[in-house]
Amino acid sequence: MAQYSRPKGTQDILPEDQPYWEYLYAVVAEIARSYGFERIDVPIFEMTELFARGLGEATDAVEKEMYAFKDKGDRDIALRPEFTAGVIRAYIENGMQVYPKPVKLYSTGPAFRYEEPQAGRYRQFHQFNAEILGVQSPLADLEVMLLAWDIYDRLGFKGLAFQLNSTGCPECRPGYITALQDHYHAHIDEVCEDCQRRIVQNPLRVLDCKQQRCQPVIATAPKITAMLCEDCESHFRELRGYLDALGKPYTLNFRLVRGLDYYTKTVFEVWAEGIGAQAAVCGGGRYDGLAKLLGGPPTPAVGFAVGMERIVMVMKTQGVEIPKLPQPPVYLVHLGDVARTHAVRLLTDIREAGIGAQIAMSGSLRAQLRHAHRRGARVTLIVGEDELARGEVTLRDMESGEQVMVPADNVVAALAQQMSESSGAKTAAN
Ligand code: AMP
């Protein structure tokens, strides 16, 4: 028989890793809600055209990395490579432009890119995504940046700093792109083949090329911040003013451009100690032109996405403490056919009383007890035939090892009592 393996670039998230994920989902949702963001869920697949238009035909995400296919109805469908295009589509399609502004939205879920897998780079990965729609003020840029910052901070990441740039707007960017192209054409033999192509098709991307031979040409390239129009310049100045006032460290990084075409004005990343640029965990910025490009009314927007796999990686390497997932406190072990049936009835009674419980499904008494211990049960109920004949079951406190006999028809009440005592004891100890 052939053995199946998971498709290249995908991962199984096993139970032992789930505490990281549950904790992460809980933290991002809690902080986002505390900032006034509301959840939106959009489809995992959309019409291919949405991403092609929204992200740009010549971007890597669309040109090389999209999971695009024809469905049985001959429609061109693609798995989402990111959230923003779908969220903007939903905003337009559901008439959300009439909502009071700003509209603050967040999402979590899988995204798909056909990339070469490596550490922290997968073909199916997960993002936390947040956007503010409908306001032009740099306060919105600040708000999403603070949200990203707080998420890192809450997770215990150290040495946080923003990387910050402006990519201009349709007013000033063409002038900058011409200057960049002139510079590159004067050095065209010195740069890599990709950049020779990029400078025509996707010029800003030459700035984040990692090839050694391109570095001197990048270092002497013109800088967009010197060529911003008045509107972009004042937007950038106001945002920096807020960051200065809050004492939030940031580095102006003229090489920071995002891989997608839709960005205007602000682009940012958050870097943390020990992560570095290659492992950027989060990236975002402003995309004022996107809604119009997707057929909607002009809608200023700013947001960011965090790669959740990369966060989990960093949580592990930095030893971030995470709470254990709660286990059902009660475990039933049983000996013999009659006892088993009785234990099944007890199991459902206990669950009906709102107490988490599970039952041993195989093994000797010893093996069952060992399993109860491994599963972190606080109380084990031992249902044996002799005891049952006397109308009793054994209740064992797994922490102290103490055992008491309890009348079989009083088990649920005894458990409820035990649960409230031990949770009371825990509160007192805290
Ligand atoms: P982007 O939409 O490219 O700005 O990506 C936002 C964030 O998503 C990045 O900072 C990464 O943390 C994460 N990310 C992007 N692509 C991948 C991938 N292939 N695998 C895992 N995480 C990714």
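Order of listing sets the numbers, starting from 1, for every ligand and every atom in it.
Between Leu395 and Leu415 there is a side-chain heavy-atom pair separated by less than 4.5 Å.
With hydrogens and angles ignored, the 3.5 Å screen pairs a side-chain donor or acceptor of Lys104 with a backbone N or O of Tyr35.
Ligand-side atoms of ligand 1 in range of Cys282: 10 (O), range being under 4.0 angstrom from any heavy atom. Heavy-atom proximity to Glu115, at under 4.0 Å, picks out these atoms of ligand 1: 16 (N), 17 (C), 18 (C), 19 (N). For ligand 1, the atoms sitting less than 4.0 Å from at least one non-hydrogen atom of Gly120 are 20 (N), 21 (C), 22 (N), numbered in the order shown with element in parentheses.
At a threshold of 4.0 Å, the pair Asp71-Arg75 counts as salt-bridged, since one of the basic side-chain nitrogens sits closer than that to a carboxylate oxygen. Remark: Arg197 engages Glu63 in a salt bridge, criterion side-chain N to carboxylate O under 4.0 Å. Using a 4.0 Å cut-off between charged side-chain N and carboxylate O, Asp349 and Arg351 make no salt bridge. Between Asp194 and Arg205 there is no salt bridge, since no side-chain N of the basic residue sits under 4.0 Å from a carboxylate O of the acidic one. A salt bridge links Asp141 with Arg286: the distance from a Lys NZ or Arg NE/NH1/NH2 to an Asp or Glu carboxylate oxygen falls below 4.0 Å.
Contact annotation: for Glu269 versus ligand 1, there are no heavy atoms closer than 4.0 Å.
Ranked by closest heavy atom to atom 22 (N) of ligand 1, the top entry among Phe83, Phe128, Phe125, Tyr114 is Phe125.
On a distance-only criterion, Glu82 and ligand 1 share no N/O pair closer than 3.5 Å. On a distance-only criterion, Gly307 and ligand 1 share at least one N/O pair closer than 3.5 Å. Residue contacts with ligand 1: Tyr263 is placed with no nitrogen or oxygen under 3.5 Å of a nitrogen or oxygen of the ligand (distance criterion only).
Heavy-atom distances between Glu309 and ligand 1 stay at or above 4.0 Å for every pair.
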